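Below is one structure; the comments refer to it alone.
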Amino acid sequence: MRTGTNLPAIGGYNQAVVLDAIRRASEGLSRVELAVQTGLSAQTIGNVSRRLLEAGLVRETGKIVNGPGKPRTILQLEARGSYAVGVHIDPAVITYVVLDLRGAVVSHSRTRTPSASEPVQLIDLMARSIDRLIGDSGVDPRLVIGVGIASPGPIDAEQGIVLDPPMLPLWRHVPLRAALSEATGLPVLLEKDVTAAAVAELWFSTASERANFAFVYYGTGFGTGLVVGREVVRGSSSNAGDAGHITVDPAGAICVCGRAGCVGDLITPRALVCQAVDAGLLPALDDGADMESVSGAFHRLAAIAGGAPVDVTEIEGSGPADAQATPSSDQRDSARRILHGAGLHLARAIVVLVNLLDLDELVFGGPFWDEIGDVVLEVLPEAVEQSAALIPRRRLGFVGSAIGEDVAAVGAACLVLDHAFSPRPSGMLISV
């Protein structure tokens, strides 16, 4: 818990301290409890509480009696006091969410990413989608305080530029933050997608949770959001977490970086689909198949591994057109071996991250994770903890994100809320 200060020149910081304390107490807090938790004086708490009530950010929800004396009035967060929009750009889909001040998803939508579009066309699509989403949500547009964008890296966070993301060939040095702000009329924040996912996990956790972890992000590509001491690790250029070029198989295929066996090259949905094609589980993809085709094939691979009925025409040499059938045990076993292999590759990369940052938890998520996560986790934890290369010899946590596949979009919106309402000691510094 951060504590405030009674110096009158930094009321904005004190307001953020009090609001953050109220937000993290689901049942609310009295003014006396706020003074104890924040270290602020009763007078300062009174003044700050009045400003928060007037701004519609908190509300009084009743009184409690705790011993002799005047009953205490409880302050709770007013979830409808402000809203934020989050956008996640993935080469396969663009996800949009509207969050209230508590972080609950009020509205949600998705559109397929038109990979052949020029950036200006895609930005126009995003602006129209945001406007429609806000309208459909029933939220007063005047209460929307900003838009957060979770983008594939690398990015120039200071300038708000998307530099050179993989699998978006037309996106080179795109001034996304300024362009989307102009198109929507709203303030815009830009963050790397894996970092935004880690922010979401922090926003919804308590002070005793998620202290030192990596968010293992599995989407069109692979990356990690890093948190140490409950602080997001962004790095000097806000591009930390690009773990895709950790070598996990020296005898593996040559990556685009020129080295052999990079984890990001071996475990992506496209790579697993190609393995399934080679194993005769799926028909070959067309040359230059787009992410929509890869995504569909990946879903079928996951279904085969889970033993779910699939269109048997997708399994080489099987059945009449449009027939549904349960995969054979051999087909299921073959699919599971592919996913287990991905888990073992990923485990080797995770060992490197745990050793480097002394992490104690791994959180898994992203738009492609849920379908294969259970199968991958059958082998991954043991492979990590039994690795001779692992330095920390304590029990590690392996958990799925409770937020779901929209975690990066939710994190992008949380960034806006965090930027507006969370206490920042740097805000106490005098500008020169």
Side-chain angles (χ1 to χ4, degrees), residues 1-67 69-84 86 99-104 106 139-140 142-146 148 187 189 199-211 227 229-232 410-411 413-431:
M1 170 65 66
R2 291 185 175 96
T3 57
T5 172
N6 293 306
L7 296 176
I10 50 176
Y13 176 73
N14 287 338
Q15 183 168 310
V17 167
V18 172
L19 187 66
D20 191 59
I22 294 172
R23 180 181 72 80
R24 294 184 181 279
S26 58
E27 301 300 320
L29 294 170
S30 69
R31 289 168 175 81
V32 172
E33 291 168 323
L34 283 168
V36 172
Q37 288 200 18
T38 65
L40 295 167
S41 70
Q43 180 179 359
T44 299
I45 290 293
N47 292 335
V48 168
S49 299
R50 184 178 65 255
R51 289 196 294 270
L52 292 174
L53 287 164
E54 291 172 351
L57 299 176
V58 302
R59 56 194 171 93
E60 295 181 336
T61 60
K63 300 179 183 295
I64 59 170
V65 178
N66 187 12
K70 185 178 178 180
R72 298 176 181 178
T73 301
I74 298 299
L75 296 173
Q76 284 188 335
L77 197 68
E78 176 51 77
R80 297 169 295 179
S82 291
Y83 299 86
L99 263 58
D100 66 19
L101 191 51
R102 282 197 180 277
V106 176
V139 167
D140 185 344
R142 294 171 297 180
L143 297 180
V144 177
I145 60 175
L189 296 176
V199 167
E201 290 295 326
L202 280 177
W203 182 265
F204 290 102
S205 65
T206 67
S208 61
E209 299 174 321
R210 302 288 189 271
V227 172
R230 286 192 61 82
E231 294 288 342
V232 175
V410 170
C414 288
L415 283 164
V416 176
L417 299 175
D418 183 71
H419 185 81
F421 298 121
S422 291
R424 299 175 183 280
S426 59
M428 297 163 55
L429 302 177
I430 298 174
S431 299

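The structure displayed is predicted, hence computed values, not measured ones.
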Next on the checklist: side-chain contact (heavy atoms from CB on, under 4.5 Å), that's the test. Do Ile145 and Leu417 meet it? Break it down for me.
Outcome noted: CA-CA 8 Å; Ile145 60 175; Leu417 299 175; 4.1 Å; yes
Checklist outcome for this item: dist Arg31:CZ -> Glu60:CD (nearest 0.5 Å) comes out at 5.0 Å
Item to check | Distance in Å, Gln15 CD paired with Leu40 CG, rounded so as to fall on 0.5 Å steps | outcome: 11.5 Å
Next on the checklist: Give me the atom names and distance for the closest heavy-atom approach of Gly103 to Phe204.
Outcome noted: O-CZ, 3.1 Å
Next on the checklist: Can you confirm whether Ile22 sits close enough to Leu34 that some side-chain heavy atom of one is under 4.5 Å from a side-chain heavy atom of the other?
Outcome noted: yes
Item to check | Nearest non-hydrogen partners of Val17 and Thr38, listed with the distance | outcome: CG1-CG2, 3.6 Å
Next on the checklist: Between Val227 and Glu201, is there a side-chain heavy-atom distance shorter than 4.5 Å?
Outcome noted: no
Checklist entry - What heavy-atom pair brings Val106 and Tyr83 nearest, and what distance separates the two atoms? => result CG2-CE2, 3.9 Å
Next on the checklist: The criterion is salt bridge (Lys or Arg N to Asp or Glu O under 4.0 Å); which residues satisfy it with Arg80, sequence neighbours excluded?
Outcome noted: Glu78
Checklist entry - Which distance, rounded to the nearest 0.5 Å, do you find between the CD of Gln37 and the CD1 of Ile45? => result 9.5 Å
Checklist entry - So, does Ser205 use its side chain to make a donor-acceptor pair with the main chain of Leu202 at under 3.5 Å? => result yes
Checklist entry - Leu19 and Leu77: side-chain contact (heavy atoms from CB on, under 4.5 Å), yes or no, with the steps? => result CA-CA 8 Å; Leu19 187 66; Leu77 197 68; 3.5 Å; yes
Item to check | Nearest heavy-atom neighbours spanning Ala413 and Ala84 | outcome: O-CB, 3.6 Å
Next on the checklist: Quick check: do Ser82 and Leu143 have side-chain heavy atoms less than 4.5 Å from each other?
Outcome noted: no
Checklist entry - So which pairs with a foot in residues 34-46 pass salt bridge (Lys or Arg N to Asp or Glu O under 4.0 Å), sequence neighbours left out? => result none
Checklist outcome for this item: Taking every heavy atom of Cys414 against every heavy atom of Ala200, the minimum-distance pair comes out as SG-CA, 4.5 Å
Checklist entry - Taking it one step at a time, do Arg102 and Asp100 satisfy salt bridge (Lys or Arg N to Asp or Glu O under 4.0 Å)? => result CA-CA 5 Å; Arg102 282 197 180 277; Asp100 66 19; over 6 Å; no
Checklist entry - What's the verdict on side-chain contact (heavy atoms from CB on, under 4.5 Å) for Val58 and Leu53, showing C-alpha distance, side-chain angles and the deciding distance? => result CA-CA 5 Å; Val58 302; Leu53 287 164; 3.7 Å; yes
Checklist outcome for this item: Minimal heavy-atom distance between Ser49 and Leu75, with the atoms involved, is OG-CD1, 3.5 Å
